[in-house]
Amino acid sequence: MMRSLPLSAELIKDSNARLSDALEEDYAALGRQLERRGIAIDAVKARVADFSVAVPSWGAGRGGTRFAKFPIPGEPTNIHEKLEDCAVINQLSRVTPRVSPHFPWDKVSDYRALREEAASLGLGFDAVNSNTFQDQPGQAHSYSTGSLSSTVTETRQQAVEHNIECIEIGRQLGSTDLTVWVGDGTNLPGQQDLGRSLDRYLDAAAQVYAALPDDWRMLLEHKMFEPAFYSSVISDWGSSILAAQELGDKCQCLVDLGHHAPNVNIEQIVARLHRFGKLGGFHFNDSKYGDDDLDSGSINPHQLFLIFNELVEAERNPRGGFNPSYMIDQSHNVTDPIESMLSSAEAIAQCYAKALLVDRDALHGAQEGNDTMMAFQALRRAYTVDVSPIVAKARVEAGGAIDVLAAYRDSRWRERKSQERKAVGLGAGIV
Ligand code: RM4
Ligand code: MN
Ligand code: MN
């Protein structure tokens, strides 16, 4: 099904007309400020314009917790409507041109047609995600015993086959990454042997790896707990990198910001994974307590900046290759998901822009000279800059909105969709 872009160019133009004089003034003032530091603002803007982050198809629906889900009128109920909402996000933000699908949630009968449909909405597909953490109606073997690490041979086989099917779907959609997150683990001490469950996982994951096309990657996503609350099979970056090293060069690690023990130094994990060529991707979100899936940059924006600081270092020092796949992975329990993703994409792009402002020579010089305070100040001086004019200007030059949320509200998108789309029933769960 061919579609046209969901929002009219007029709407964005009208919204920008009210704000463009102020943006020009702010951009020029910031340009002068940065020039005094020897930074050319247009060069930073060009780098920001090249940056992009994928959005998850499942993030387009109202999220929920294991206690409840509060649906909103007009939320999408299938992949076609989700793509339409993702197109709204990209039309306004111009930074989210790809969607990451999840299977079987986004299952359709014709994936070539789905790819064309997405293209007509200005979208492509990012990493495909397999789902072996839930049972589906009619499924032969339950994942209650785990999936790739299950003690039940048939269940492991079913999980392997599902992942291979995801690769096949991804090929039709134009993806080149398979993200594998398994909820496998235990809820009571003694429930399973900690060594043998990893053996089973590695053996099954190797069968998935063997089915990867040459230009594909398999990204292993670790998570400390939930749904397994005593031990998870791939619980941390240590388990993840060991598994990725054993599986082979096409296997890398994916860091979801909410999947660590409290107070873990995530930017250091980023640097470590990159050091060993295993930094494959990111799921951006924010958290206060655990895998909270809150909006990116809402709780700890400084941590997000420090992570981007490592990513910019990695860009400059690629050690033979650096091509991480960036994605938002959030659950929007009380906000309009489009608004949360617009705000999150902006926060992510802003942290990237700030990291680009770090005076690397000053930083490295201070590090070599053991001048701790000046090394810290090199970061601080970049972090405290309000880079919003750079990000807004890059966006508007690409056809997006200066004030993404104001333009979105002007469009009355959700109200219009609430007339057209069928209502979602009440229910619990993440999607
Ligand atoms: C998990 C993990 C995965 C995501 C699911 C829905 O906690 O973050 O990336 O696919 O949630
Ligand atoms: Mn994730
Ligand atoms: Mn998660």
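Order of appearance sets the numbers: ligands from 1, and atoms from 1 within every ligand. Excluded from the calculations below are hydrogen atoms, water molecules and symmetry mates; all remaining heavy atoms, backbone and side chain alike, are included.
Applying the 4.0 Å criterion to heavy atoms of H283 picks out, from ligand 1, the atoms 9 (O). Close approach of ligand 1 to W58 is summarised as follows: ligand atoms under 4.0 Å from at least one heavy atom of the residue are 6 (C), 10 (O). Using a 4.0 Å cut-off to heavy atoms of H259, the atoms of ligand 1 that qualify are 2 (C), 7 (O), 8 (O). Taking a cut-off of under 4.0 Å to the non-hydrogen atoms of K223, the atoms of ligand 1 that pass are 7 (O). Interface of D256 with ligand 1, defined as ligand atoms under 4.0 Å from a residue heavy atom, comprises 8 (O).
The part of E221 lying near ligand 1 is the side chain, judged by heavy-atom distances below 4.0 Å. Of the heavy atoms in D329, only side-chain atoms (C-beta onward) come closer than 4.0 Å to ligand 1. Contacts between D291 and ligand 1 below 4.0 angstrom, taking non-hydrogen atoms only, involve the side chain exclusively.
By the 30° and 60° cut-offs, the orientation of the rings of F284 relative to F282 is parallel. Using a 30° and 60° split on the angle between ring planes, F51 and F308 fall in the perpendicular class, above 60°.
In summary, the side chains of Y111 and E168 do not present any donor paired with an acceptor at a separation below 3.5 Å, with no hydrogens or angles considered.
In terms of N/O distances under 3.5 Å, ligand 1 is not approached by N129. At under 3.5 Å, not a single nitrogen or oxygen of W105, backbone or side chain, sits near a nitrogen or oxygen of ligand 1.
Using a 4.0 Å cut-off between a side-chain N of Lys or Arg and a carboxylate O of Asp or Glu, R3 and E117 qualify as a salt bridge. The pair D203-R196 does not count as a salt bridge, with every side-chain nitrogen at least 4.0 angstrom from each carboxylate oxygen. Salt-bridge formation is not detected for the pair E310/R275: no Lys NZ or Arg NE/NH1/NH2 atom is positioned less than 4.0 Å from an Asp or Glu carboxylate oxygen.
In this structure, the side chain of N163 engages the main chain of A159 through a donor-acceptor pair within 3.5 Å.
Across all their heavy atoms, S240 and L220 have their closest contact at OG-O, 3.5 Å.
The set of protein atoms (N, O or S) found at less than 2.8 Å from the Mn ion (ligand 2) reads E221 OE2, D256 OD2, H283 ND1, D329 OD2, by chain and number.
Residues P6 and W413 form a side-chain contact, since some pair of their non-hydrogen atoms from C-beta on lies under 4.5 Å apart.
Within the cation-pi definition used here (under 6.0 Å to the ring centroid, within 45° of the axis), K354 does not qualify as a partner of F305. Remark: K107 fails to qualify as a cation-pi partner of W105 under the 6.0 Å distance and 45° angle criteria applied to the six-membered ring.
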